[in-house]
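Contents: one structure, followed by commentary.
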Amino acid sequence: MAKQQQAIQAIRGMHDILPEQSPYWQWLEKHARHVLAAYGYQEIRLPIVEKTDLFKRSIGEVTDIVEKEMYTFDDRNGDSLTLRPEGTAGCLRACLEHGLLHNQTHRLWYYGPMFRHERPQKGRYRQFYQLGVETYGMPGPDVDAEMILLTDRLWKKIGIRDKVELQLNSLGTTEERAVYRGKLVEYFKHHLDVLDEDSLRRLETNPLRILDSKNPDMQAMLREAPVLLEHLGEDSLLHFNSLKTMLDDLGIHYRLNTRLVRGLDYYGKTVFEWVTDQLGSQGTICAGGRYDGLIEQLGGKANHAIGFAMGMERILALVEQLETVNIEPSVDVYLIRVGQEAEKAGLLLGERIRDSIDGLKLQLNCGGGSFKSQFKKADKSGAAFAIIIGDDEAQRGEVALKSLRIEQEQMTLSHDALLETLKAWHDKQSLV
Ligand code: ATP
Ligand code: MG
């Protein structure tokens, strides 16, 4: 007797997006594409795997991502490769490789799965989707404001604007951060007893990240820590203040969060996050900032850059509570056919309908079955109509049309009349 095989399950923290969820994804993706197009951004599609060095050089050796979150493996020929943990590095790599920075292709977006070996929990997965936006060659702060406007417009479009808050900070220049870093480390050294294990580790490597700690026992100490904004030079301050003025003029509210830093090394000047209080500690749905230093770091000519990435799962978790999302049924018409003649006629008719009514969603009953069982499937499909063909109808070149959702007499129609009826119905639906 054959041994029952154990079923294989997905990897922890990596999720299937099931058919009942994918309409929400498509809906969000459609709105995002629409908003990006409205600002003249172009899509770039990037590989999911890159050389490990790309991430080490860009994200930085002492960040959470590189230290403990990357999926890194040796290829069969011994090269070290990594599943991309984020898109900024790959996007810039591609632009440098193909000379896009010289070609005025300066506003880009990408979309797809990212991989980080984190502890899985709600809003934190090992494979998750990001939509990222990057711009090159513009020193700001006008384009910094555009990044924020664009996201603000998307939140409004998908109906979550009143659930999110914009937080803003400036990280200044590398030199300003270095001075500040010294003072910060000094301050932390006076409070070693309060620092948790993570923070003690970061004290030497990435002390600014300690500011970001969510540990409740450290909050009082962090509130008194030196403030980076107070260590900015004239130029950085001018940049930051101009951005704030633009946002004020546009009526976009923000909260100054002087402890807002990014986990990655390459950021400077403007940083921002869109945060919600409705998703627990995984409340950041979108995070971005300026990274003027990275292009040179990756071997290009010094240039300006700013971008952001949004976490699609977290946005959808906010949206799913909304009743405003209008998800269309996946089937409009279900075609029932019983009998040999009817099966043949139905197959042909289905194609004729699809030829003539663009956008109508017609599902053909396959695999046979009685009228009764096919009606059940029709009902379950969510279709508005069932087309019914038995051998009698097939011989006469007719069909029966039955409305499945509203009380209406069943009609017997010629193929031509059927096409007309369905077309009229579909045109009316498209107007709604
Ligand atoms: P966090 O502080 O939540 O770990 P991060 O600073 O690591 O976030 P970024 O690298 O800036 O995040 O990524 C941008 C956005 O991508 C985040 O704001 C979040 O919405 C989403 N994101 C990041 N990591 C994950 C993850 N493991 N699962 C789901 N979404 C994520
Ligand atoms: Mg993280």
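These numbers were taken from a predicted model, which means no experiment stands behind them. We count ligands from 1, going down the list as the structure has it; atoms in each ligand are counted the same way.
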- Please could you name the atoms of ligand 1 that Ile285 approaches to less than 4.0 Å, counting only its heavy atoms? 20 (O)
- Of the listed options (Phe308, Tyr129, Phe128, Tyr267), which comes nearest to atom 30 (N) of ligand 1 when hydrogens are ignored and any heavy atom counts? Phe128
- ligand 1 to Thr284, heavy atom cutoff 4.0 Å, flagged ligand atoms 17 (C), 18 (O), 19 (C), 20 (O)
- Query: Looking just at side-chain N and O atoms, do Ser170 and Thr270 make a donor-acceptor pair shorter than 3.5 Å?
  - Reply: no
- Arg202/Asp196 salt bridge by N-O under 4.0 Å criterion: no
- Task: Have a look at ligand 1 and work out which part of Arg124, if any, has a heavy atom under 4.0 Å from it: side chain, backbone, both or neither.
- Result: both
- Query: Quick one: does ligand 1 sit under 4.0 Å from the side chain of Asp212, the backbone, both or neither, non-hydrogen atoms only?
  - Reply: neither
- Query: Hey, is Glu118 close enough to Arg124 for a salt bridge, meaning N to O under 4.0 Å?
  - Reply: yes
- Distance filter under 4.0 Å to Gln130 heavy atoms, resulting ligand 1 atoms: 13 (O), 14 (C), 15 (C), 16 (O)
- Message: Taking the basic N atoms (NZ, or NE/NH1/NH2) and the acidic carboxylate oxygens, is any pair closer than 4.0 Å for Lys301 and Glu296?
- Response: no
- Query: Under a heavy-atom criterion of less than 4.0 Å, does Gln282 contact ligand 1?
  - Reply: no
- Query: Would His15 and Tyr125 count as a close aromatic pair, with their ring centres under 6.0 Å?
  - Reply: yes
- Apply the test side-chain contact (heavy atoms from CB on, under 4.5 Å) to residues Ile388 and Lys402: give CA-CA distance (whole Å), side-chain angles for both, the deciding distance (0.1 Å), then the verdict. CA-CA 8 Å; Ile388 306 134; Lys402 186 173 164 53; 3.9 Å; yes
- Message: Considering Glu118, Glu86, His117 one by one, which has a heavy atom nearer to atom 27 (N) of ligand 1 than any of the others?
- Response: Glu118
- Query: Atoms of ligand 1 less than 4.0 Å from Ala309 heavy atoms?
  - Reply: 14 (C), 15 (C)
- Message: Less than 6.0 angstrom separating the ring centers of Phe308 and Trp274, yes or no?
- Response: no
